[in-house]
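The structure appears right after this line, and notes come after that.
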Number of protein chains: 2
Amino acid sequence: MPRTPNDAATPRRRTTIYDIARTAGVSAAAVSLALNQPGRLSADSERRILAVADELGYRANPFARAVATGTTQLIGLLVHDSANPVFAGAVRGVTDAAAKVGYTVVVSDTHDLATPVTTILERLLPLVDGAVSCSARVTPEALATVGGTPIVLVNREVAGRDSVIPDVRAATRAAIELLVGRGHRDLGFIAGPQDSWLSGYRLALLEREVAASAARLQVVASVEPTIDGGREALAQLEGRCTAVLTFNDLIAFGVLLEARDRGLRVPEDLSVVGFDDTFAAVLVTPALTTISTELEQASRLATVRLLAGLGHPNSDPDARIEGRLTVRDSVGAGPHR
Amino acid sequence: MPRTPNDAATPRRRTTIYDIARTAGVSAAAVSLALNQPGRLSADSERRILAVADELGYRANPFARAVATGTTQLIGLLVHDSANPVFAGAVRGVTDAAAKVGYTVVVSDTHDLATPVTTILERLLPLVDGAVSCSARVTPEALATVGGTPIVLVNREVAGRDSVIPDVRAATRAAIELLVGRGHRDLGFIAGPQDSWLSGYRLALLEREVAASAARLQVVASVEPTIDGGREALAQLEGRCTAVLTFNDLIAFGVLLEARDRGLRVPEDLSVVGFDDTFAAVLVTPALTTISTELEQASRLATVRLLAGLGHPNSDPDARIEGRLTVRDSVGAGPHR
DNA sequence: TTGAAAGCGCTAACAG
DNA sequence: CTGTTAGCGCTTTCAA
């Protein structure tokens, strides 16, 4: 092993409960009690011990505690790709809920395809008391290889695992009604990656709503859930539909950009509807009509559930989360009007 | 303490090196060696131990190791606000560099003003071998309260701490030259929060370059580094300048949005230049001219330096990082042309 | 109310 | 080359 971290003039040894015990004239156990179970010792000793601890700048060693108790006060969050703004909401939701019960969150991004997701899980899970996954790469197969750490999934159903899936049915219906109402009959869906459970789920919802309408729906492309993916997808649209729904906002942005580059007008020539309602939806021109998927709320709820299972009942674990359609300028009149 | 995690039918006890030792007929120490120092045991024993470990589904307990070695193989990353896309680059940069030497990264977001940054540091630092900070809230004062954990700062100088600050001087000069060349003489700067070191730094650079030009520069506002901040700032601009540089892209987006709402044309009536070059710069209309600040590279470098100090020499720790001006449509002709 | 002692799982001297 | 023996810092029965 290379040189140690404290080769320089770093007097690195942190103060331990033994240091406190010694200078306070009590046992280490007493210190532990004073620190963790207020009121368990005589008010007098407790006060004195705490004072010494403070004076010595004591900071508990979380690892020592973890090895002794088997619990870490850490929860993991797996996000698919932190470059997608929708996941910032997930970070916020999980962090908020975790902070309420004194937990810290460790975020892992699974986007790097060079690293197998099982490796990512193997590194993260032993560290935490539980995890929330918002990553499409955390598949049933990957989960099968991991041990007992509880995991709550967001936007994915897996047998035997708890999961939170925002209900976007009503919003999806509203989107279809909007499009049909504006005169569109030929709708396209630009799907995410083939193996994306969530993409399939959104498609199924769309198909169901479209079936009850005067319109038809076809999957016009299946691409990476990124701006570039959206750009690629546009080429496959031509003439096949007058309105397109995309698996997520990023794809929609790509469609918008590519359309402009090719001289296709939105919404005159093509209407576009996204999923997620990320902050950039109002940045593009025309502003994007999109279905919010409430990932922040969903991840917050997933965390509440996870923590409840860990013995930290918190707010209502049975809340329902519902998406919402926000109509902006990217939807215009279709030919059947 | 509430019920334990394994109240249900969870046979949660993980297999330890003792289990392996027992079924392989060796000592725990031998197992440890086999696992961590390949070749240190006879090929025969090693193979057998590894086989048993595998068979029993052994996963090392990172905490036990940490308490024994004093090292955790974890590094922390502090970001100011994960909703700002520029920080996604930071996550990527740090994660990449860390992964190369087998480190895992723990991300903490400091944006929640309800939580003192000292508290955030107190929770994060004991967990990690070192940290990279990309947060404006990690001030010298906050740092003064923390212990010996090594921290490398990005975009902030603090006495006694290592730091990485991308060099944006040339890009800044190019921006000023562009504006002056297009006929602008009255330039405005929309600063970030008053206490932002980085905002002051960027302003200083701008002032220096403007001084050498035919133009004047005034700080027209100081706002939160968000889209809303940018919207607010616009009101304070009127008539004071024909071109505005903003502390970051988010502010610039706000300016663009608010300008449109108020019927002010960009770039005809106002030219706008941002800092960061986030992905959304190409999403807005007009596309934003902006100075890339290379946060991904900078955080990667910060991580390399941090790890080098931790005894993991990696790639070149002395690289220089330079920002770049990307000219897009948000800059137009000024009155002096 | 407090302390002694055992132990969490792993590592690292040190013997053998 | 391998195993024994101490710890690492903290928690937690169990006695005193």
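Within every chain, numbering begins at 1; the chains are lettered A, B, ... in the order of the sequence lines, protein sequences first and strands thereafter. Because only heavy atoms are used, hydrogens play no part in the values below, and waters and symmetry mates are left out as well, while side chains stay in.
As judged by a 4.0 angstrom heavy-atom cut-off over every strand, A:S32 is placed among the base-contacting residues. Within 4.0 Å (heavy atoms only), A:I17 reaches at least one base atom of the nucleic acid. Among the protein residues, A:A66 comes within range of no part of the nucleic acid, since none of its heavy atoms lies under 4.0 Å from any strand. Counting non-hydrogen atoms under 4.0 angstrom, A:A29 reaches a base of the nucleic acid.
Atom CG of A:L41 is separated from atom P of C:dT2 by 4 Å (rounded to the nearest Å). B:F63 places its CZ atom 15 Å from the P atom of D:dC10, with the value rounded to the nearest Å. Atom CD1 in A:I49 sits roughly 15 Å away from atom C1' in D:dC10 (whole-Å rounding). Atom P of nucleotide D:dT11 and atom OH of A:Y18 are separated by 10 Å, given to the nearest angstrom.
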Under the side-chain contact (heavy atoms from CB on, under 4.5 Å) criterion, do A:L306 and A:D162 qualify, and how do the steps go?
CA-CA 9 Å; A:L306 178 71; A:D162 193 5; over 6 Å; no
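At a threshold of 4.0 Å, the pair A:R92-B:D81 counts as salt-bridged, since one of the basic side-chain nitrogens sits closer than that to a carboxylate oxygen.
Nearest-nucleotide assignment on DNA chain D puts the 5′-proximal partner with B:G39, out of B:G39 and B:A68. Along DNA chain D, the nucleotide nearest A:A64 and the nucleotide nearest B:V26 are compared for position; the residue whose nucleotide lies closer to the 5' end is B:V26.
Of all nucleotides listed (D:dC8, C:dG3, D:dT4), D:dT4 comes nearest to the side chain of B:S27. Of the candidate nucleotides C:dA12, D:dT11, D:dG3, D:dT11 has the atom lying nearest to any side-chain atom of A:R65.
Taking only side-chain nitrogens and oxygens, B:S42 comes nearer than 4.0 Å to OP1 or OP2 of D:dT2.
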